[in-house]
Amino acid sequence: KHGQIYHSSSEAILNEVAKKLHEKFEFDPVERERFLQYVRRYSTLVVPQTIVVPALRDPIDLHIFATAVAAKAHLIITTDSDLLVLKRFKKIGIIHPKTLRWTFPK
């Protein structure tokens with residue numbers, strides 16, 4: 001629907017988030033699981049499609065695009081410079097969270 005935002009994810013993305021929360025941000029296991037449950041509750045989980053992204057600098061990031069395609073996403077919001085450098089994949093925009101201010105003005 002026009003004017004609404006939906007969040008989609010996959011188990012592969014949630015596993016990556018869990019790993020980052022543990023290794024980079026040293027989240028306590030209980031808090032980490034609470035956060036992941038919250039994301040699961042408010043997200044549509046999809047099964048990533050098998051795709052090819054020839055311009056991808058880091059093949060580990062392929063699951064991000066595979067999830068976005070499966071979710072029929074319009075936008076990927078990330079801080080990953082390997083993804084941001086592409087700016088677009090098919091018809092899916094790729095932006096930094098700071099760009100949301102200009103993407104969705106009040």
Side-chain angles (χ1 to χ4, degrees):
K1 295 178 184 179
H2 181 72
Q4 294 185 346
I5 297 173
Y6 296 94
H7 180 266
S8 298
S9 193
S10 65
E11 285 301 327
I13 290 174
L14 293 177
N15 289 337
E16 183 177 355
V17 169
K19 184 178 175 185
K20 294 276 187 199
L21 290 175
H22 173 70
E23 293 174 358
K24 187 173 181 179
F25 299 105
E26 300 176 348
F27 263 54
D28 162 288
V30 172
E31 288 298 315
R32 186 175 62 235
E33 189 53 37
R34 187 177 301 156
F35 176 79
L36 293 170
Q37 288 301 323
Y38 180 84
V39 172
R40 280 186 178 91
R41 185 179 318 131
Y42 293 103
S43 299
T44 300
L45 292 182
V46 299
V47 176
Q49 292 186 358
T50 301
I51 61 168
V52 175
V53 185
L56 193 57
R57 294 193 309 199
D58 186 355
I60 290 176
D61 292 329
L62 184 62
H63 70 280
I64 302 294
F65 292 106
T67 298
V69 169
K72 298 182 175 119
H74 295 191
L75 193 60
I76 295 171
I77 303 168
T78 183
T79 59
D80 187 320
S81 60
D82 290 325
L83 302 179
L84 289 166
V85 71
L86 297 174
K87 297 188 181 177
R88 283 191 106 41
F89 174 70
K90 299 191 183 234
K91 293 183 177 185
I92 304 169
I94 305 167
I95 65 169
H96 191 279
K98 291 179 182 178
T99 309
L100 285 173
R101 181 175 302 143
W102 298 284
T103 305
F104 299 103
K106 292 182 181 182

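Each residue takes its place number in the sequence, starting with 1. Quick note: numbers below take in every heavy atom, side chains included, and nothing from hydrogens, waters or symmetry partners.
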Checklist entry - Which atom pair, heavy atoms only, marks the closest approach of V53 to I51? => result CG2-CD1, 3.8 Å
Item to check | Least distance between heavy atoms, I92 atom then A68 atom | outcome: CD1-CB, 3.8 Å
Next on the checklist: Side chains of L14 and V39, heavy atoms from C-beta outward: is any pair under 4.5 Å?
Outcome noted: yes
Checklist entry - Quick one: CG on L86 to OG on S81, what's the gap to the nearest 0.5 Å? => result 10.5 Å
Item to check | Closest heavy-atom pair and its distance - P48, A70 | outcome: CA-CB, 4.2 Å
Checklist entry - Which atom pair, heavy atoms only, marks the closest approach of I94 to F89? => result CD1-N, 4.1 Å
Checklist entry - What pair of heavy atoms forms the shortest contact from E16 to I64, and how long is it? => result OE1-CD1, 4.1 Å
Checklist entry - Is the shortest distance from a Lys or Arg side-chain nitrogen in E31 or R34 to a carboxylate oxygen in the other one below 4.0 Å? => result yes
Next on the checklist: Restricting to non-hydrogen atoms, name the atom on K72 and the atom on H74 that form the minimum distance, rounded to 0.1 Å.
Outcome noted: O-CD2, 3.5 Å
Next on the checklist: Students often mix this up, so state it plainly: with edges at 30° and 60°, are the rings of Y38 and Y42 parallel, tilted or perpendicular?
Outcome noted: tilted
Next on the checklist: Between L83 and L56, is there a side-chain heavy-atom distance shorter than 4.5 Å?
Outcome noted: yes
Checklist entry - Do T67 and S10 have side-chain N/O donor and acceptor atoms under 3.5 Å apart? => result yes
Checklist entry - Could R40 and E11 be called an ion pair, given the rule that one side-chain N must be under 4.0 Å from one carboxylate O? => result yes
